[in-house]
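The structure appears below as structure tokens.
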There are 2 protein chains.
Amino acid sequence: MSTILDVAKLAGVSTATVSRVINSPETVRGGTRKKVTRAMKICNYKYNALARGFVTKQSDTIGLIIPTINNPVFAESTSGVQDYADQQKIQVILGNTYYRNEQEESLVQTLREKQVDGLIITSTNPKGAIIKTLTDENFPFVLLYSTVKKGDASAVGIDNYQGGYRATDHLVKLGHERIGMVAGSFSISDRSFHRWHGYRQCIKDHGIAYDKDLLAQTDYSLTGGRDSVKKMLSYKKPPTAVFCSNDFLALGAMKGARELGLNLPQDLSIVGFDDIPIASYVIPELTTIRQPAYEMGKLGAKLLLQCIREQTKPVQLMLESSLIIRGSTTGVPG
Amino acid sequence: MSTILDVAKLAGVSTATVSRVINSPETVRGGTRKKVTRAMKICNYKYNALARGFVTKQSDTIGLIIPTINNPVFAESTSGVQDYADQQKIQVILGNTYYRNEQEESLVQTLREKQVDGLIITSTNPKGAIIKTLTDENFPFVLLYSTVKKGDASAVGIDNYQGGYRATDHLVKLGHERIGMVAGSFSISDRSFHRWHGYRQCIKDHGIAYDKDLLAQTDYSLTGGRDSVKKMLSYKKPPTAVFCSNDFLALGAMKGARELGLNLPQDLSIVGFDDIPIASYVIPELTTIRQPAYEMGKLGAKLLLQCIREQTKPVQLMLESSLIIRGSTTGVPG
DNA sequence: CTTGCATATGTAAACGTTTACATAAATTGT
DNA sequence: ACAATTTATGTAAACGTTTACATATGCAAG
């Protein structure tokens with residue numbers, strides 16, 4: 001592979017000049033520029049961005065750490081991050097934690113060794129040591145799907161408590177009193193925990209007694225949703241509605257309910273969370289809390305680059321989520 | 001940030017020794033090793049993998065280029081790639097082309113400048129100039145979701161023709177004679193084209209006349225599927241079954257049909273392609289051609305690393321796909 | 001104790017850029 | 001045509017590792 005030096009020799013100029021035609025062509029006279037570009041063609045010169053990163057100490061690369069790319073909501077925000085990064089000529093290294101903290105830790109370390117300029121993290125434990133170290137060492141990063149409203153880490157997220165409250169409120173208003181919740185494991189995601197808080201507060205506010213049997217914690221999967229709901233429906237006093245802390249769980253719940261012979265939504269109302277694209281394409285269409293995943297990713301990337309380039313102060317952005325009422329929820333029977 | 005040199009000074013050894021305790025600790029005596037690790041702690045030494053990559057000329061990074069991470073089937077193979085890479089201590093830079101050839105080209109270039117060790121590409125145009133250049137310059141890469149059975153590029157894929165044939169055959173065997181196809185645009189994906197070939201050959205083999213009005217080409221999306229099928233169903237002689245060239249299209253078709261008041265599957269049988277996770281969670285459950293996306297990704301990554309490390313000859317791997325019969329297909333009415 | 005050998009450590013160049021600074025060349029005004 | 005100024009180009013060091021090679025150290029056998 002040929003280097004800048006080869007090009008320089010061939011063109012009869014110095015390496016500095018070649019570097020200049022690459023990075024600021026307007027500063028080199030037309031004639032020389034032509035000589036140089038011609039020389040580059042001739043020796044099929046390929047720029048080495050790694051070498052550049054090495055000297056300038058910026059790699060023009062950021063790391064994106066998410067639980068799993070297989071959840072459409074994370075895929076969506078990943079697109080947002082990538083699109084913004086692409087526009088800014090930045091590359092994105094993607095890593096999945098599968099909700100495992102050690103994996104998150106090792107990813108952070110590896111990516112930092114790779115000299116990424118910053119990190120966007122959907123953390124499994126935003127209050128934990130990993131994030132704290134990052135903050136202490138003043139490494140640029142932003143939290144995505146964050147639950148924090150303030151602090152010394154930049155973050156973008158939605159109000160999960162509010163989301164949970166709204167979802168539950170919708171069910172209560174429809175007349176439901178036995179409302180179950182199928183949540184992602186709290187130990188794995190504080191988002192789920194906040195959503196549950198909203199749920200709990202809402203039923204309390206409406207004078208409905210809390211029944212801990214109506215809370216299931218499971219992994220964020222279709223099967224998790226299905227199995228949890230089936231168990232719940234087997235109780236002597238089954239719920240007439242369930243709030244699921246993401247759409248996968250909700251879709252799974254739909255299936256579980258049907259496998260038990262229920263009609264939807266008459267026999268069971270279901271609310272999801274996220275509003276993944278497929279949510280409006282199933283029957284009944286899924287009532288859900290929409291969160292602006294793509295925008296979140298885009299904004300997160302924007303914030304990170306700001307933080308990298310201008311050393312901005314940490315900010316926490318709370319985006320609006322909204323209840324999308326579709327066909328999967330209806331009044332309580334009878 | 002401290003460097004190897006700082007550590008070396010502090011420990012009273014040479015940089016070479018420090019480098020050795022990092023890369024091959026067994027070659028340095030216990031005492032020195034301890035001095036060094038202690039010094040590393042003290043100055044909070046952080047390894048610089050970029051600098052390493054610069055000198056060793058390998059970045060331990062590969063690029064993964066896909067049409068869009070928002071299609072679950074690509075998300076699935078991406079997981080496969082990442083899991084294998086992770087296991088091999090390799091990072092993955094992800095890029096979306098959104099089925100645009102120029103985007104593919106610019107991604108390939110940028111990633112090569114970033115000195116990725118190799119590329120995994122789900123190409124929009126595997127016979128085009130981009131791939132040819134890569135081959136000519138002997139750059140390590142493997143094609144994913146490839147349609148090619150042989151050639152001088154490594155590739156892994158399935159037999160899309162066979163998939164299309166099987167899907168159609170299933171419908172024919174059920175008694176359908178007016179079978180539509182909702183395909184992804186041929187100009188954008190030769191996979192879709194191969195699937196259509198299978199479809200065409202199959203109906204021919206069964207003596208069914210080909211009706212070009214029963215072919216829709218659209219973008220690979222839920223709305224694309226919905227709109228195409230609605231148009232088709234508005235014909236004087238509408239199809240009684242449709243084969244969709246991916247599951248998103250099929251799910252969209254389901255919705256479209258229902259919006260027209262049809263009952264599924266009685267009024268319209270639908271076959272998809274991919275078997276994305278949600279396919280078995282909708283009602284009716286989607287009959288589809290399953291392709292082993294995760295395995296494909298994993299295998300692609302494995303192949304690529306082999307190619308990088310051992311300069312292996314190009315190989316083409318054809319994985320098995322299979323027809324998964326579920327509830328979305330049934331006999332022709334009457 | 002030596003000698004010889006194996007093993008551990010040190011030396012210094014190399015990797016391909018960028019960039020501060022120095023110098024040379026072109027341009028302007030007189 | 002010359003000085004003064006502006007603009008273009010060259011020089012060389014720096015970035016943080018690795019690694020071939022040279023040297024030093026430890027150890028075993030005589």
Q: Report which part of the nucleic acid G31(B) touches: base, sugar-phosphate, or nothing (heavy-atom distance under 4.0 Å, all strands).
A: nothing
Q: Pick base, sugar-phosphate or nothing for G12(B), based on heavy-atom distances below 4.0 Å to the nucleic acid.
A: sugar-phosphate
Q: Determine to 10° how strongly the helix from dC1(C)-dG30(D) to dT30(C)-dA1(D) is bent, judged from the axes of its five-pair ends.
A: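 The angle separating the two end axes equals 30°.
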Q: Nearest whole angstrom, please: distance from the P of dT9(D) to the NZ of K35(A).
A: 8 Å
Taking atom types as modelled, is there a side-chain donor on [X] or [Y] under 3.5 Å from an acceptor on the other?
{"X": "E105(B)", "Y": "Q109(B)", "value": "no"}
{"X": "D219(A)", "Y": "Y98(A)", "value": "no"}
{"X": "Q316(A)", "Y": "S146(A)", "value": "no"}
{"X": "D152(B)", "Y": "T135(B)", "value": "no"}

For residues [X] and [Y], determine if any side-chain heavy atom of one lies less than 4.5 Å from a side-chain heavy atom of the other.
{"X": "V108(A)", "Y": "I65(A)", "result": "yes"}
{"X": "S59(A)", "Y": "K114(A)", "result": "no"}
{"X": "R191(A)", "Y": "T122(A)", "result": "yes"}

Q: Return the orientation label for the F74(B) and Y145(B) ring planes: parallel under 30°, perpendicular over 60°, tilted otherwise.
A: perpendicular
Q.
For a quick check, with a 4.0 angstrom heavy-atom cut-off, what is the B/S/- contact string for nucleotides 14-26 of chain D, read 5' to 3'?
A. -BBBBB------S
